Amino acid sequence: MDDKFLKPYNPQETESKIYKLWEEGGFFKPKGAGEAFSIILPPPNVTGTLHMGHAAMLAIEDILVRYNRMKGKKTLWLPGTDHAAIATQSKIEEILYKKEKKTRHDLGREEFLKRVEQFAKESHDTIVNQIKKMGASIDWSRETYTLDEKRSLAVKTAFKRMYDNGLIYRGNRIVNWDPKMQSNVSDDEIERKEEKSPFYYLKYGPFEIGTARPETKFGDKYVVMHPDDKRYKKYEHGQKLDLEWINGPITATVIKDEAVDMKFGTGVMTITPWHDATDFEIAKRHNLDTEQIIDFNGKLLPITKEFAGIHIKKARSMIVEKLKEKGLVTKINENYTLNLATNYRGGGVIEPQIKEQWFVDVNKKFKLKNSKINGIKNGDETSLKEIMRKTVESGQIEIIPKHFDKTYFHWIDKLNDWNISRQIWYGHRIPVWNKDKEVYVGVDAPEDDGWTQDPDTLDTWFSSGLWTFSTLGWPEDTDDMKNFHPTSVLETGHDILFFWVARMILMSGYLLGDVPFKKVYLHGMVLNAKGKKMSKSSGDIIDPLDMTEKYGADAARLSLIVGAPPGNDISLSEDKIRGYKNFSNKIWNIARFVLSNVDEKNIKEKPKLSALDKEWIKNLNNITKTVSDNIDGYRPDFAADEIYHWVWHNFADIYIEEVKLVLQNGSDVDKKSAKWTLYTILTTCLKLLHPFAPFITEEIWQSLPKKDSETLIVASWPQ
RNA sequence: GGGCGGUUAGCUCAGUUGGUAGAGCGCAUCAUUGACGUUGAUGAGGUCGGAGGUUCGACCCCUCUAUCGCCCACCA
């Protein structure tokens with residue numbers, strides 16, 4: 001027996017050594033010609049460090065990858081990082097302002113981007129190190145970045161194809177403008193926050209209207225009511241009314257529209273089409289005038305007269321004062337709660353604005369070439385929405401757990417065109433050039449002079465949408481594409497089902513006529529011991545690096561797997577991780593016991609087995625099947641729990657205790673049988689445990705006297 | 001307002017095609033120079049949110065209801 005077993009297991013000493021052994025052995029690269037199994041790593045944002053959610057993701061994916069590799073499949077797990085346009089840029093802007101009191105405009109586009117790149121580089125190195133610490137058996141030779149050259153080519157190619165097909169268009173529409181970020185964001189990037197705000201009732205000629213935002217009301221010259229509202233029967237659509245308003249007399253026009261809720265307030269409202277999506281739709285339907293009241297910095301425009309140049313935050317109370325003086329305020333509800341729209345990255349308050357932007361048309365019909373999508377034949381007319389729906393509806397893509405497909409369909413049903421242009425600097429520049437009235441869209445800049453490129457960048461999810469195939473070399477026709485696409489499974493958090501999963505299905509469906517993956521495994525959020533979000537302010541953040549250092553990566557991984565069924569949030573405490581550290585110790589001591597009682601001559605060939613040992617080999621086969629079935633069924637949580645219990649409470653607590661008696665008092669035949677069986681159960685258990693606890697199992701494996709593979713990582717999975 | 005989940009032992013949660021409930025932690029009692037004290041054995045503790053229904057039989061299926069959480073939404 002190796003002397004190392006005389007000391008307790010030391011993960012710190014072992015883990016980096018073992019990881020090096022695997023990496024240098026080239027075991028992370030796909031091997032063989034068999035069936036393929038592929039996972040593309042959801043690329044972590046280069047905004048800092050990994051958290052426990054990432055650790056859980058890595059653990060689940062590594063389990064699937066190691067299991068399939070041991071089963072002999074040609075297994076690829078491909079790493080990468082995400083430039084995370086808005087998230088990264090706002091992070092750098094924050095740091096820049098804190099440290100140097102400068103904005104990005106003080107630095108200029110070029111210098112600012114240098115700073116971002118530098119930060120992204122450092123962040124990348126930290127992240128790669130963390131991924132390795134978790135034991136991820138991922139193929140670093142294929143590492144990618146969403147903003148690198150090949151991915152840029154993919155992005156530009158995709159944009160051009162969609163533009164040429166009429167699926168990308170430029171439109172003057174109402175968008176979600178974030179004055180803080182100085183960019184617009186898509187509907188999905190809006191996070192609504194409840195906020196107490198007074199609600200004002202104002203006299204508008206013969207009507208009473210309500211508003212939480214009096215500062216937008218200057219230009220309101222349309223008064224809208226439901227066509228069926230009997231209270232306002234005497235007013236006709238198009239009727240003009242002269243009335244006194246904030247800055248003097250105006251002429252208002254009556255509009256009848258079904259968008260008005262008769263039950264809300266007085267059933268009458270005025271509209272501000274430039275700064276409200278609903279109002280914009282009403283104005284569009286009736287072809288009404290629109291006028292901007294607030295500029296892109298959040299300051300009032302000259303239409304507001306004496307308030308011009310004042311920021312809306314300051315202006316509101318001043319405007320209410322003026323309204324009061326003029327006797328236009330009828331009442332104020334101080335207990336009103338409104339759902340404030342904010343940017344989910346950076347938290348800026350959204351001010352809807354009409355702006356010219358790029359959109360992906362999700363409803364437009366087009367002919368799908370080379371379709372491998374169930375229910376859509378080659379050359380059939382379809383739409384992006386239909387592709388997103390059919391792939392999941394037909395079961396071609398299976399979402400695990402199942403109930404998320406309802407959420408997914410629900411989202412598709414209300415989906416509007418996807419706004420893909422951003423006014424930020426960090427990201428893929430839109431591949432569109434303008435010269436006078438001419439527009440050029442292409443992968444490369446036009447050759448002749450006088451063209452200027454669109455200053456905007458693309459939504460980060462546009463490039464993420466291509467991720468399963470841009471990482472494999474698309475638009476080139478590579479071997480990796482042939483071998484590994486569609487990928488076997490996408491494993492990610494349920495919080496990015498819309499942002500990412502849906503966009504990948506859209507992009508892959510359109511560009512390849514195929515699905516990007518066969519299964520979507522959604523994991524839950526990692527919460528604190530009380531089931532709440534971990535946060536800096538409550539000081540309960542559990543850091544993956546701290547935990548691997550304190551308890552070992554194997555313990556950290558197990559704590560994130562057991563009790564975490566797909567889709568369920570998991571509450572994590574340090575106690576739980578400590579519990580699995582104890583399990584590591586148990587495994588170590590089982591190995592010590594077995595190896596101190598068994599030597600090479602006992603295991604050369606299979607002896608005649610005692611009745612007891614036959615029974616235990618049968619038990620071993622049962623647990624093997626249970627573990628395999630649960631991993632195959634995408635229940636790694638069950639698989640881990642089952643093997644954990646079996647090893648500890650059956651193998652160790654029962655079998656080893658019985659064997660001790662045999663080794664003391666048994667016949668020679670029974671002793672031989674017991675030694676062989678002990679060793680067989682140990683080696684099989686190391687294999688079964690390997691996907692979950694790769695480091696300690698490999699470390700023990702390295703000291704085994706007889707084995708069917710030099711390294712456990714590529715040993716064959718037991719049948 | 002719409003959708004989706006949860007509600008099971010003191011705590012955290014399992015319970016994958018219906019056969020009167022399980023784990024971990026905690027608690028109690030006991031063991032001890034044993035491969036491992038990062039241990040082992042034993043035990044206490046639950047009318048499975050509530051009310052109906054289907055069934056020979058329901059934690060599980062159906063209906064209603066309470067409550068918590070999440071997501072979505074143009075109540076100005």
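Labels below follow one simple rule: chain letters A, B, ... track the order of the sequence lines, proteins then strands, and each chain is numbered from 1. These numbers come from a predicted model, not from an experiment.
Closest non-hydrogen pair, A:Asn343 versus A:Asp178, comes out as ND2-OD2, 2.9 Å.
For the pair A:Lys581 and A:Tyr551, the cation-pi criterion (under 6.0 Å, within 45° of the ring axis) is not fulfilled.
Remark: the backbone N or O of A:Gly205 is paired with a side-chain donor or acceptor of A:Lys203 at under 3.5 angstrom. Under a 3.5 Å cut-off, the side chain of A:Trp646 and the backbone N or O of A:Thr624 do not form any donor-acceptor pair. Here the side chain of A:Trp177 pairs no donor or acceptor atom with the backbone of A:Ile354 at under 3.5 angstrom.
Atom CH2 of A:Trp500 and atom P of B:rC71 are 20 Å apart (whole Å). For the pair A:Lys675 NZ and B:rA35 P, the interatomic distance rounds to 14 Å; values are reported in whole Å. For the pair A:Ile577 CD1 and B:rC25 C1', the interatomic distance rounds to 14 Å; values are reported in whole Å. The interatomic distance linking A:Lys581 (NZ) with B:rU39 (P) rounds to 12 Å, in whole Å. To the nearest angstrom, C1' of B:rU17 lies 17 Å from NZ of A:Lys402. Regarding A:Leu661, its CG atom lies at a distance of 15 Å from the P atom of B:rG34, rounded to whole Å. Whole-Å rounding puts the A:Asp653 CG to B:rU38 C1' distance at 14 Å. Look at OH on A:Tyr644: it is 17 Å from P on B:rA14, rounded to the nearest Å.
Among the protein residues, A:His494 comes within range of no part of the nucleic acid, since none of its heavy atoms lies under 4.0 Å from any strand. At the heavy-atom level, A:Phe638 lies under 4.0 Å from base atoms of the strands shown. Contact annotation for A:Glu281: no contact, since no heavy-atom pair falls under 4.0 Å across all strands.
Note on A:Asn582: a side-chain N or O is less than 4.0 Å away from OP1 or OP2 of B:rU39. A close approach under 4.0 Å does occur between a side-chain nitrogen or oxygen of A:Lys586 and OP1 or OP2 of B:rG40.
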Short N/O separations, protein against nucleotides 73-76 of chain B, under 3.5 angstrom:
| unit_1 | atom_1 | unit_2 | atom_2 | d |
| --- | --- | --- | --- | --- |
| B:rA73 | OP1 | A:Lys414 | NZ | 3.0 |
| B:rA73 | N6 | A:Asn339 | ND2 | 3.0 |
| B:rC74 | OP2 | A:Arg192 | NH2 | 3.2 |
| B:rC74 | O4' | A:Thr278 | OG1 | 2.7 |
| B:rC74 | O2' | A:Thr278 | OG1 | 3.2 |
| B:rC74 | N1 | A:Thr278 | OG1 | 3.3 |
| B:rC75 | O2 | A:Asp261 | OD2 | 3.0 |
| B:rA76 | OP1 | A:Tyr336 | OH | 2.8 |
| B:rA76 | OP2 | A:Tyr336 | OH | 2.3 |
| B:rA76 | O5' | A:Tyr336 | OH | 3.3 |
| B:rA76 | N6 | A:Asp261 | O | 2.9 |
| B:rA76 | N6 | A:Phe264 | O | 3.4 |
| B:rA76 | N1 | A:Asp261 | N | 3.1 |

Reading nucleotides 3-10 of chain B 5' to 3', which nucleotides get B (base under 4.0 Å from a protein heavy atom), which S (sugar-phosphate only), which -? SSS-----
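Aromatic rings from A:Phe5 and A:Phe593 are positioned such that their centres are separated by 6.0 Å or more. Ring to ring, A:Tyr644 and A:Tyr580 are close: their centroids are under 6.0 angstrom apart.
Rounded to a whole angstrom, the distance from the P atom of B:rG19 to that of B:rG24 is 23 Å. Straight-line distance between the P atoms of B:rC60 and B:rC72: roughly 31 Å, to the nearest whole Å. Rounded to whole Å, the separation between the P atoms of B:rC13 and B:rG6 comes to 13 Å. Across B:rG2 and B:rG18, the matching P atoms stand 32 Å from one another, rounded to whole Å. Annotation: B:rG26 and B:rA9 have their C1' atoms spaced 11 Å apart (nearest Å). Comparing the same atom, P, in B:rG22 and in B:rU54 gives a spacing of 29 Å after rounding to whole Å. Comparing the same atom, P, in B:rU16 and in B:rC11 gives a spacing of 23 Å after rounding to whole Å. When the P atom is used for both B:rU47 and B:rA21, the distance is 13 Å, rounded to whole Å.
The side chain of A:Phe593 lies closest to B:rA35 when the candidates are B:rU38, B:rU12, B:rA35. The listed nucleotides are B:rA23, B:rA35, B:rA14; the one nearest the side chain of A:Arg592 is B:rA35.
Using bins of under 30°, 30° to 60° and over 60° for the plane-to-plane angle, the ring pair A:Phe404/A:His494 lands in the parallel bin. Taking the six-membered ring where tryptophan is involved, the planes of A:Phe499 and A:Tyr344 are essentially parallel, since the angle between them stays under 30° and well short of 60°.
With sequence neighbours left out, A:Arg345 forms a salt bridge (charged side-chain N to carboxylate O under 4.0 Å, His left out) with no residue at all. Partners of A:Thr253 by side-chain contact (heavy atoms from CB on, under 4.5 Å), not counting sequence neighbours, listed by chain and number: A:Tyr222, A:Lys240, A:Ile255.
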Could you spell out the base pairing of RNA chain B as a dot-bracket line? Use Watson-Crick and G-U wobble contacts where both distances are under 3.5 Å, [ ] for crossing pairs, | for partners on a different strand. (((((((..((((.....[..)))).((((((....).))))).....(((((..]....))))))))))))....
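Distance check, rounded to the nearest 0.5 Å: OH of A:Tyr204 to CD1 of A:Ile246 gives 9.5 Å. Atom CD1 in A:Ile63 sits 7.0 Å away from atom CD1 in A:Ile631 (nearest 0.5 Å).
For A:Glu657 against B:rA41, a side-chain-to-base donor-acceptor contact under 3.5 Å is absent.
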Show me the side-chain donor-acceptor pairs of residues 189-200 of chain A shorter than 3.5 Å, one per line, residues at least two apart or across chains.
| unit_1 | atom_1 | unit_2 | atom_2 | d |
| --- | --- | --- | --- | --- |
| A:Glu189 | OE1 | A:Ser186 | N | 2.9 |
| A:Glu189 | OE1 | A:Ser186 | OG | 2.9 |
| A:Glu189 | OE1 | A:Arg422 | NH2 | 2.8 |

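Mapping A:Asp569 and A:Glu642 onto RNA chain B via the closest heavy atom, the residue that lands nearer the 5' end is A:Asp569.
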